[in-house]
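To keep things clear, I will list the structure first and then write my remarks on it.
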Amino acid sequence: LRKKYRGYDAAQVLRDIYFKNAHLPLKKADIQSRVTSSSIKNHISESTAYRILKSAREIFAYHRGLTIPNDAYASLEEIVS
């Protein structure tokens, strides 16, 4: 993710969104509010935060051997290698 999102701390965005209060069950619109607060904190747009989340999900699926969309394979080869 760091190669693809130069200048952004993608790991921090993931921590802000997915690991904040990880022991509690998600409520309605939790992810959306976390994306908003993380994008303000990290000085990025919300759409960039959602792209980072999408890439993280695709990388996770790739490493687990799960099915991902065909168009994601080309971009994952650049990120994973």
Side-chain angles (χ1 to χ4, degrees):
L1 283 174
R2 292 200 174 140
K3 281 185 190 176
K4 187 170 184 180
Y5 296 101
R6 281 174 252 151
Y8 305 123
D9 188 2
Q12 183 60 47
V13 173
L14 292 172
R15 281 190 294 271
D16 290 345
I17 296 169
Y18 284 143
F19 299 116
K20 180 180 178 183
N21 297 328
H23 61 284
L24 298 174
L26 287 174
K27 296 178 185 170
K28 187 174 184 178
D30 265 354
I31 297 294
Q32 181 182 2
S33 64
R34 292 176 188 182
V35 165
T36 301
S37 64
S38 179
S39 63
I40 291 169
K41 176 182 169 187
N42 294 299
H43 307 289
I44 60 174
S45 67
E46 288 185 18
S47 59
T48 300
Y50 281 113
R51 278 193 294 276
I52 291 170
L53 295 179
K54 179 183 177 190
S55 292
R57 285 191 307 270
E58 289 173 348
I59 290 169
F60 178 79
Y62 178 81
H63 283 289
R64 294 287 308 260
L66 303 173
T67 304
I68 59 173
N70 287 335
D71 61 337
Y73 280 109
S75 61
L76 283 176
E77 293 299 325
E78 297 170 3
I79 296 171
V80 175
S81 60

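Quick note: residue numbers are just sequence positions, from 1. Worth knowing before you read on, the calculation uses all heavy atoms, side chains too, and leaves out hydrogens, waters and symmetry mates.
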Legend entry - Reported CD-to-OG distance for the pair Gln12 and Ser38, which is rounded to 0.5 angstrom: 7.0 Å
Legend entry - Backbone N/O of Arg34 and side chain of Ser37: donor-acceptor pair under 3.5 Å: yes
Legend entry - Asp16 side, atom CG; Ile52 side, atom CD1 - distance, nearest 0.5 Å: 10.5 Å
Inset, instruction - Determine whether Lys28 and Asp30 make a side-chain contact, defined as any pair of heavy atoms from C-beta on separated by less than 4.5 Å. - result: no
Legend entry - Spacing of Asp9 atom CG and Arg15 atom CZ [to the nearest 0.5 Å]: 6.0 Å
Inset, instruction - Using distance alone, with no hydrogens and no angle criterion, decide if Thr48 and Arg51 have a side-chain donor and acceptor under 3.5 Å apart. - result: yes
Inset, instruction - Treat each ILVMFWY residue as a node, draw an edge where side-chain heavy atoms are under 4.5 Å apart, and state whether Leu24 and Ile31 are in one component. - result: no
Inset, instruction - Any chance you could measure Ser33, atom OG, to Lys20, atom NZ, to the nearest 0.5 Å? - result: 6.5 Å
Legend entry - Common cluster, Ile40/Val13, ILVMFWY with side-chain heavy-atom separation under 4.5 Å: no
Inset, instruction - Could you tell me the separation between the CD1 atom of Ile17 and the CG atom of Leu53, rounded to the nearest 0.5 Å? - result: 4.0 Å
Legend entry - Sole residue of Arg57, Arg64, Glu58 in side chain to side chain contact (heavy atoms under 4.5 Å, CB included) with Phe60: Arg64
Inset, instruction - Give a yes or no on whether Gln32 atom CD has more than 12 heavy-atom contacts from other residues, nucleotides or ligands under 6.0 Å away. - result: no
Legend entry - Thr36 backbone acceptor or donor facing Ser39 side chain under 3.5 Å: yes
